[in-house]
Amino acid sequence: MALTLYNTLAREKQVFKPIDAKNVRMYVCGPTVYDFAHIGNARPVIVFDVLFRLLRHIYGESHVTYVRNITDVEDKIIARAAERGVSIRDLTEGTAKVYQEDALALGNLPPTLEPRVTDSMPEIIAMIAKLVANKHAYVAEGHVLFDVSSDPDYGKLSRRALDEMIAGARVEVAPYKKNPMDFVLWKPSEGDMPGWDSPWGKGRPGWHIECSAMGEKHLGETFDIHGGGIDLQFPHHENEIAQSEGAHHGKPIANYWMHNGFLQVEGEKMSKSLGNFITIRELLAEKVFGGQVWHGRVLRLAMLGTHYRQPIDWTVDRLAQTKATIMEWARMLHGELSADAPDDEVMSALSDDLNSPAALAAIYGLASAARANTGDRRRLKRTLSFLGLYADERDTDFAVGHELDAAKIEGLIAARNAARRAKNFAEADRLRGEISTLGVAIEDGPGGTTWKVVS
RNA sequence: GGCCACGUGGCGGAGUGGUUACGCAGAGGUCUGCAAAACCUCGUACCCCGGUUCAAUUCCGGGCGUGGCCUCCA
């Protein structure tokens, strides 16, 4: 059961071979904490969490290091803090906390490390200094810029040639740039803007350098896997490669680059102007999507229904269907014991470039067998918990925000059963209808009448 | 304008050069006061047009559609 991963750098699936099986290292670009994360941000968090779990399963829990940074220095943060009249520290700390809560609610394990840019300034400055010394960067008008012409491989990840990009003519050319594609490593900070002392004066880092510096600090010059959304491929990841490999004399920053596909909402791109912009927090806590709130595990399962590299269409229908599925599992598994190991067929599907839809197909097969078989039930439970999809919740736990009046339901059921005993089936059916309007379905079984939440 | 990805049955969604994905919904059946659950059976899909091939949804070319990047938006 070899693990294969699609490597964006090579444009093909490759067998994964770690540099050090005793310490498999993965870096994923985390959030810039100026506002709540939206549902599109949730995709890489979930996808790479599944990979983290799979790697831990294969190499051992203590042999995988997963770094997901928190970017807490950025111009949007400065702007947002000023706009709200709060301190930068309050804004970034508050937003980071919500992000971590959201990630947890979606069933993700915490990464091994979540370094912050503000805690990594010496490493950032040291790397920039190294790039200047290596002639990959130059100082101009208080800025330090990366010189793309110094890197013959520039563009290898996104497969673009420099001259083609410049031909796009949408590049804003600052007068101090030697080449239009040169990007900022360090820029000056004036007044009360956040700034750190450096050889180039008081300033702050540009966008891409923090990931290069934190990757090196926590994972070494070369690590195994680097992940993120497809939109980061250019320029962010391209620039990370240029910086790290420029600072490390051409040593590769990562052996495998992975990118998750984009997310659309009800068939349209998610944007504030279309009014379909939706945050994780809103899905979890406010009735703004489909008129109800959604359990984090429902969101997680819905996300894993599509292969991570495919585009995904985020719809109310999809969530409703997912919710029904997970509630059915809960009815079967709540209170059940768990097997020692997850299902082989599921693990094998995941090992094929994280083919989660194929893994789910195997899970459905297991669920079908589990109805009649304790062993399969326990294996199913273990498999679902392995994936972060189930942790012994009751089915009603997934009907978040559903107001239940159990006494009223029980009363109606008692009345209906009295009517049935009296052969007054018209009245019994009327009562069934009334119960149904409460979002509850009833079943007459050999042991009496049971009910369950269906919406 | 340049570069790139995707387009599968009512919906969601894998996969493959010639054989069943799978889930939901739907149809029929057993069962049931009626239902539900459970179980059994059922769909013969792959954007369009060419080409390669004995054979293409699966490879190649073109077109159309959707989306992404080229602007410090995952």
Side-chain angles (χ1 to χ4, degrees), chain A residues 8 11 28-32 34-35 37-48 71 74-77 155 158-161 163-172 181 183-184 187 205-210 227-239 259-264 267-272 277 301-302 304-307 309-313 315 317-322 324-325 328 331-332 349 352 355-365 367-368 371-372 419-421 423-426 428-429 432-433 436 441-446 449-452 454:
Chain A
T8 309
R11 307 284 155 121
V28 174
C29 292
T32 298
Y34 70 102
D35 205 347
H38 61 249
I39 188 61
N41 293 307
R43 177 119 96 142
V45 178
I46 292 169
V47 163
F48 292 106
T71 296
E74 214 272 343
D75 288 2
K76 278 200 295 276
I77 294 172
S158 53
R159 306 237 167 149
R160 336 172 161 221
D163 51 352
E164 283 170 5
M165 288 186 272
I166 294 162
R170 294 180 70 178
V171 182
E172 191 184 334
M181 294 307 294
F183 54 92
V184 173
K187 54 184 155 190
W207 177 32
H208 316 291
I209 192 69
E210 83 283 8
I230 186 70
D231 59 309
L232 289 183
Q233 186 184 100
F234 189 90
H236 185 58
H237 291 162
E238 198 69 72
N239 292 351
H259 293 95
N260 63 272
F262 234 65
L263 173 145
Q264 283 183 269
E268 289 183 304
K269 68 181 290 188
M270 177 166 64
S271 72
K272 283 178 177 155
F277 189 91
L301 179 59
L304 295 178
T306 296
H307 183 89
R309 282 191 281 119
Q310 294 286 110
I312 188 170
D313 191 14
T315 65
D317 265 4
R318 172 186 205 107
L319 296 188
Q321 189 177 312
T322 303
T325 300
E328 195 186 315
R331 274 174 217 123
M332 185 160 52
D352 178 16
N355 193 335
S356 55
L360 288 175
I363 284 173
Y364 293 132
S368 176
R371 286 193 193 93
R420 289 173 71 209
R421 276 192 299 276
K423 304 272 188 218
N424 185 353
F425 296 121
D429 289 346
R432 176 202 288 286
S436 167
I442 51 176
E443 295 169 16
D444 300 325
T449 301
T450 58
W451 58 273
K452 65 182 183 185
V454 292

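None of these values were measured; they are calculated from a predicted model.
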With rounding to the closest Å, how many angstrom separate the [atom1] atoms on [N] and [M]?
N      : M      : atom1 : answer
B:rA21 : B:rG29 : P     : 25 Å
B:rU57 : B:rU41 : C1'   : 27 Å
B:rC6  : B:rG13 : C1'   : 14 Å
B:rC46 : B:rU19 : P     : 14 Å
B:rG63 : B:rA74 : C1'   : 32 Å
B:rU20 : B:rA45 : C1'   : 13 Å
B:rG17 : B:rA38 : C1'   : 40 Å

Under the side chain to side chain donor-acceptor pair (under 3.5 Å) test, residues paired with [X] that sit two or more places apart:
X      : result
A:N260 : none
A:R309 : A:D353
A:T315 : none
A:S271 : A:S273

Reading nucleotides 8-15 of chain B from 5' to 3' and marking B where a protein heavy atom lies under 4.0 Å of the base, S where only the sugar-phosphate is that close, and - otherwise, the string is ----SSSS
Applying a 3.5 Å limit to both distances, which nucleotide forms a Watson-Crick or G-U wobble pair with [N]?
N      : answer
B:rC3  : B:rG68
B:rC22 : B:rG12
B:rG33 : none

So, using side chain to side chain contact (heavy atoms under 4.5 Å, CB included) as the criterion, who are the partners of [X] when residues are at least two apart?
X      : answer
A:V47  : A:R43, A:Y308, A:L354
A:T449 : A:I413, A:R416, A:N417, A:R420, A:I442, A:D444
A:Q233 : A:T8, A:R11, A:L157, A:S158, A:I230, A:H259

Can you name the atoms? Protein N/O to nucleotides 25-27 of chain B N/O, anything below 3.5 Å, with the distance.
none

Interface polar pairs with nucleotides 37-40 of chain B, N/O, under 3.5 angstrom:
from, atom 1, to, atom 2, distance (Å)
B:rA38, OP1, A:R371, NE, 3.3
B:rC39, OP1, A:R371, NH1, 3.4

A:D352: what forms a salt bridge (charged side-chain N to carboxylate O under 4.0 Å, His left out) with it, not counting sequence neighbours?
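Counting only residues at least two positions away or on another chain, A:D352 forms a salt bridge (charged side-chain N to carboxylate O under 4.0 Å, His left out) with A:K13.
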Under the criterion side-chain contact (heavy atoms from CB on, under 4.5 Å), I'd like the reasoning laid out for A:F234 against A:R160: C-alpha separation, chi angles, the key distance, then a yes or no.
CA-CA 9 Å; A:F234 189 90; A:R160 336 172 161 221; 3.8 Å; yes
A:L319 side, atom CG; A:I39 side, atom CD1 - distance, nearest 0.5 Å
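The CG atom of A:L319 sits 8.0 Å away from the CD1 atom of A:I39.
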Identify, between A:A426 and A:V184, the residue whose nearest nucleotide on RNA chain B lies closer to the 5' end.
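Per heavy-atom nearest nucleotide, the more 5' residue is A:A426.
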With no angle test and no hydrogens, is the base of B:rC34 tied to the side chain of A:D444 by a donor-acceptor pair under 3.5 Å?
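In this structure, the two groups form a donor-acceptor pair.
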Would you kindly check whether a donor in the side chain of A:H38 faces an acceptor in the base of B:rA74, or vice versa, at under 3.5 angstrom?
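Pair found.
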Check against side-chain contact (heavy atoms from CB on, under 4.5 Å), A:T450 and A:R331
CA-CA 12 Å; A:T450 58; A:R331 274 174 217 123; over 6 Å; no
N/O contacts under 3.5 Å, protein versus nucleotides 63-68 of chain B?
from, atom 1, to, atom 2, distance (Å)
B:rG68, OP1, A:K269, NZ, 3.1

Tell me whether the rings of A:H208 and A:H236 are parallel (<30°), tilted (30 to 60°) or perpendicular (>60°).
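Aromatic pair A:H208/A:H236 classed tilted.
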Closest non-hydrogen atom pair, A:C29 against A:L232:
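Minimum heavy-atom separation between A:C29 and A:L232: CB-CD1, 3.8 Å.
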